[in-house]
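Worksheet: the structure to be examined is printed underneath.
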Amino acid sequence: MTKSIIWFRNDLRIKDNPALHDAVKNGEILAIYIYDSNESIGQASKYWLHNSLKSLNKDLNNKLNVYSGKPLQILNKLIKKFDITNIYWNRCYDPYSIKRDSEIKTKIKKQEIEIKSYNGSLLFEPWEIKKGNNDFYKIFTPFYKSCITNILQPNPPIKNKTPKKYINDKNSLNIDDLKLLPKKDWYKKFDKIWNISEKSAHKKLDSFIKNKLSNYKNGRDFPALNNVSELSPYLHFGLISPHQVFHKINSLRKSEQTEHFIRELIWREFSYYQLYHQPQIINRNLRPKFNNFKWANSDKLLQSWQQGKTGIPIVDAGMRQLWQTGYMHNRVRMIVGSFLVKNLRLHWKHGAEWFYDKLLDADIASNSASWQWVAGTGIDSSPYFRIFNPITQSQKFDKDGEYIRKYVPELSKIPNKYLFEPYITPDDILKKCNIKMGETYPMPVVDLKESRKKALDCFKKL
DNA sequence: TGAAATGTTGGGGCG
DNA sequence: ACGCCCCAACATTTC
C-alpha cells in the first residue's frame with residue numbers, strides 16, 4: 001500500500017497533470033501546497049495564487065492541505081507523520097526552485113522514499129532542444145524551427161483520474177491563513193475581470209478559438225481589439241497546460257492563424273529555455289557590453305512611468321491598464337518597455353521589477369527574457385537602435401484612440417487629431433475639452449526627439 | 001514585432 | 001516639345 005504526496009506547485013490543475021496522474025495510480029494520496037516564503041513572488045501573482053488554490057481545493061473536494069515555510073522541513077514532517085512512501089511533483093525551471101528541488105531530492109531519497117518529477121509546464125524540456133553541435137540555441141527562429149520539426153513532438157495531454165483515497169492532515173492551514181491577498185484593496189477590481197479556475201482557463205481557450213483566432217495574426221496588434229488569448233496567467237500557475245493549449249490548436253485546420261499562435265507558445269518555451277541555460281538572465285545583461293551603459297537615475301521619471309503620468313497617452317494608458325487590470329496588452333508592453341529603457345534611459349531592471357509585482361501573469365522566465373529583449377541586452381533581442389515612437393505606434397495601432405480613451409479618460413474629449421500628442425493641441429480646443437496641460441494631464445516628461453537622439457548617442461558609445 | 005534620414009523615381013507645372 | 005524644378009511616393013540605408 002503506497003502513501004503518496006502530490007506536491008502542487010505551478011501546476012494547479014487536475015487534468016493533464018503528469019505528477020498527479022502517477023500519484024493516484026495506487027494507494028492513498030496527500031495533496032499539498034507549500035507556500036515557500038523564500039520564493040519571491042509579486043503581489044498580483046499572490047492574488048492569482050490565492051484564487052487558484054481556492055479553486056484547486058474545491059476541485060479536490062476540499063482535500064488540499066496547505067503549509068507555509070521551508071519545503072524540506074515540511075516534507076520531512078509529513079513523511080514521518082503519515083508514513084509516506086512516494087513523492088510526486090512537476091518541475092519548475094527557475095534557478096531557485098531547481099536548487100531547492102534537487103536538494104530535497106538527494107536528502108529525501110536517502111530515506112528510501114521514491115521521488116518522481118515530471119514535465120507539467122513546458123512543451124519541451126529545455127535540455128531536449130539542442131543544436132547539431134550539442135550547443136543550445138541562442139536565437140529564436142532556429143529554436144522555433146527545431147521545436148516544430150522536432151521528432152520529439154510534444155506529448156498529447158494525459159487523461160487524469162480524480163484522486164479517490166485521500167489522506168487528511170488536520171494541521172493543514174487554511175488558504176486564507178497564507179495571507180496572500182495584498183492589504184490594499186487595489187486587487188478588488190480584478191475580481192470583476194478574471195475568473196480564476198481550471199474550468200475558466202478552458203473556457204478562455206475555447207472562446208479565444210471561437211471569437212479571436214481567425215483574426216489573431218493581425219488583430220493581436222491592436223490593443224482595443226484585445227484579440228489575444230489572455231491565457232498567460234493561467235499558464236503561469238498551470239491552471240491549463242501548454243500541452244492542452246497546443247493540442248487543441250493543433251487539432252484545428254492548419255492556418256496562418258494557428259501557426260502564429262503556436263509561434264507565441266514557442267516564445268514562452270524559448271523564455272524558459274533561456275532561463276534554464278542562462279539563469280543570469282534574471283538580473284544580469286546577457287550582453288556584458290551593456291554593463292558599462294550609463295543608465296539615467298531618476299525616481300521622479302520612474303514614478304511617472306509607474307503611475308501612468310508620463311504625458312504620452314499610449315504609455316500612460318498601458319501603465320494604467322496594468323494597474324487597473326493586472327494585465328497589459330502585448331503591443332503596449334513593447335511600447336512602454338521601449339519608452340522606459342530608451343526614452344527615459346532607466347535600467348530595464350526597474351521595468352522588470354514593476355511588471356513582476358503588478359502583472360497577474362508575472363513569470364520570471366517570460367518577464368526576464370522579454371525585458372532583455374526590449375532593452376537590447378539579450379542575445380536575441382531588439383537592436384539598440386530600434387526605438388519605438390509612441391506617437392506613431394498609437395496612430396498605427398490605436399488609430400481611433402479607443403484604448404487610450406478607455407484608460408486615460410481625462411483625454412476622452414480630445415479629437416483624434418490631437419489625442420496622441422495632446423501637448424500640441426491649440427489652446428481653444430484644450431479649453432473646450434476641459435483640459436489644462438500640466439494640471440489635468442501632464443506635459444511629456446521627456447522630449448521624444450531629444451531623448452531618442454540621446455539614447456542613440458549613449459548606445460553608440462558602447 | 002522601428003523610425004528617421006537619405007536616395008530614387010516619375011508626374012506635373014512652368015518657362 | 002523640351003528641360004528644369006518641385007515634390008510626393010516609394011525604396012534603401014542607417015541608426
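Given the structure is predicted, the values throughout are model-derived calculations rather than measurements. Quick note on labels: first sequence line is chain A, next is B, and so on, each numbered from 1.
Between the A:Asp316 side chain and the A:Thr310 main chain, a donor and an acceptor come within less than 3.5 Å of each other. In this structure, A:Gln257 contributes its side chain and A:Tyr216 its backbone to a donor-acceptor pair below 3.5 Å.
Residue A:Tyr118 is tested with A:Asn90, A:Asp22, A:Asn17 for a side chain to side chain donor-acceptor pair (under 3.5 Å); the sole match is A:Asp22.
Using a 3.5 Å distance cut-off with no hydrogens or angles, the side chains of A:Thr377 and A:Gln372 do pair a donor with an acceptor.
For the pair A:Phe459/A:Phe290, a side-chain contact is recorded, criterion being any heavy-atom separation below 4.5 Å from C-beta on. Proximity of A:Asn434 to A:Lys413: side-chain heavy atoms (C-beta onward) are separated by under 4.5 Å at one or more points.
Near DNA chain B, meaning a heavy atom under 4.0 Å away, the residues from residues 325-342 of chain A are A:Arg331, A:Met334. Residues from residues 365-380 of chain A placing a heavy atom under 4.0 Å of any atom in DNA chain B do not occur.
To the nearest angstrom, P of C:dT14 lies 12 Å from NZ of A:Lys460. Whole-Å rounding puts the A:Leu462 CG to C:dC15 C1' distance at 14 Å.
A distance of 13.0 Å separates CZ in A:Phe143 from NZ in A:Lys131, rounded to the nearest 0.5 Å.
For the pair A:Glu259 and A:Lys217, the salt-bridge criterion is not met [side-chain N within less than 4.0 Å of a carboxylate O]. The pair A:Asp457-A:Arg345 does not count as a salt bridge, with every side-chain nitrogen at least 4.0 angstrom from each carboxylate oxygen.
A:Lys217 comes within 4.0 angstrom of no nucleic acid atom, judged by non-hydrogen atoms across all strands.
Ring-plane geometry between A:Phe136 and A:His277 is classed as parallel, the angle between the planes falling under 30 degrees on a 0 to 90 degree scale with a further cut at 60.
A nucleotide of DNA chain B counts as in contact with chain A when one of its atoms lies under 4.0 Å from a heavy atom; the first and last such, 5' to 3', are B:dT1 to B:dA4.
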